[in-house]
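To keep things clear, I will list the structure first and then write my remarks on it.
Worth knowing before you read on, the calculation uses all heavy atoms, side chains too, and leaves out hydrogens, waters and symmetry mates. Within every chain, numbering begins at 1; the chains are lettered A, B, ... in the order of the sequence lines, protein sequences first and strands thereafter.
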Amino acid sequence: MEDVPLAERVLSCVELIPRGRVMSYGDVAEFVGSRAVRNVGRVLASDGGTVPWHRVLRRDGSCAEHLREEQLARLAAEGVPIRDGRVDMRAARWDGRAGPRMPFPSRTGSVAGL
DNA sequence: GGACTGACTCGGT
DNA sequence: AACCGAGCCAGTC
């Protein structure tokens, strides 16, 4: 994770996202130790075909136009909660550092998935 | 070496 | 809630 190109770190991170969970572009960037949040999208645009790119979306749960349909379809198939065309980030957002089953640090005080 | 780009994010209106 | 403008930085030309 040091001399490896950012692009590879990004791809590795995306591969780690468990089924049924999502991360925002910003989360991925932070996870790989970069603030190049825009590059995450660029990396996926060129090499995303090899990783579960559909588990990466915007912070507000919406996603890029050209991906919206397929992304939502795939996520829905994995059981990701979707409300009115956007992913329910509160419930599906995954913090790689904390682990797949961690409840959410309560911005809302409630637990994920409820 | 410099300028441009983008699957983003955030704060202010 | 939606729109706008500015900041961000690795890759590409």
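Between the CZ atom of A:Arg55 and the C1' atom of B:dA7 there is a distance of 17 Å, given to the nearest Å. In this structure, CG of A:Asp60 is placed 10 Å from P of B:dC10, rounded to the nearest angstrom. Atoms CG (A:Asp84) and C1' (C:dA1) sit 12 Å apart, rounded to a whole Å. When rounded to the nearest whole Å, the span between CZ of A:Arg59 and C1' of B:dT9 equals 8 Å. To the nearest angstrom, P of C:dG11 lies 11 Å from CG of A:Leu11. Computed from coordinates, the A:Leu72 CG to B:dA7 C1' distance equals 13 Å when rounded to whole Å. If you measure from atom OH of A:Tyr25 to atom C1' of C:dC9, you get 17 Å, rounded to the nearest angstrom. Note: CG (A:Asn39) to P (C:dG11) measures 6 Å, nearest angstrom.
Comparing atom distances between the A:Arg35 side chain and each of C:dC8, C:dA10, B:dA7 picks out C:dC8 as nearest. Checking B:dA7, C:dA10, B:dC8 against every side-chain atom of A:Val37, the shortest atom distance belongs to B:dC8. With B:dA7, B:dC10, B:dG6 as the choices, the nucleotide that has an atom nearest any side-chain atom of A:Ala45 turns out to be B:dA7. Each of B:dT9, C:dC9, C:dG11 was ranked by its minimum atom distance to the side chain of A:Pro5; first place goes to C:dG11. Taking only side-chain atoms of A:Arg42, from C-beta outward, the nucleotide of B:dA7, B:dT9, C:dG11 with the closest atom is C:dG11.
Across all strands shown, B:dC10 is found opposite C:dG5 as a Watson-Crick or G-U wobble partner, with both distances under 3.5 Å.
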Working for side chain to side chain contact (heavy atoms under 4.5 Å, CB included), residues A:Val43 and A:Leu6 = CA-CA 9 Å; A:Val43 169; A:Leu6 178 65; 5.6 Å; no
request  = Step by step, work out the side chain to side chain contact (heavy atoms under 4.5 Å, CB included) result for A:Val10 and A:Asn39.
outcome  = CA-CA 9 Å; A:Val10 168; A:Asn39 279 50; over 6 Å; no
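As judged by a 4.0 angstrom heavy-atom cut-off over every strand, A:Arg38 is placed among the base-contacting residues. Across all strands shown, A:Ser46 has no heavy atoms under 4.0 Å from either base or sugar-phosphate atoms. Residue A:Leu67 is in base contact, counting any heavy-atom pair closer than 4.0 Å across all strands shown.
Between A:Leu67 and A:His54, every side-chain heavy-atom pair lies at or beyond the 4.5 Å cut-off. Taking the side chain as every heavy atom from C-beta outward, A:Leu44 and A:Val51 approach each other to under 4.5 Å.
Pairs of residues two or more places apart, or lying in two chains, that qualify as salt bridge (Lys or Arg N to Asp or Glu O under 4.0 Å) and include a residue from residues 31-58 of chain A are A:Arg55-A:Glu78.
Within the 4.0 Å cut-off from OP1 or OP2 of C:dC9, not a single side-chain nitrogen or oxygen of A:Ser34 is found.
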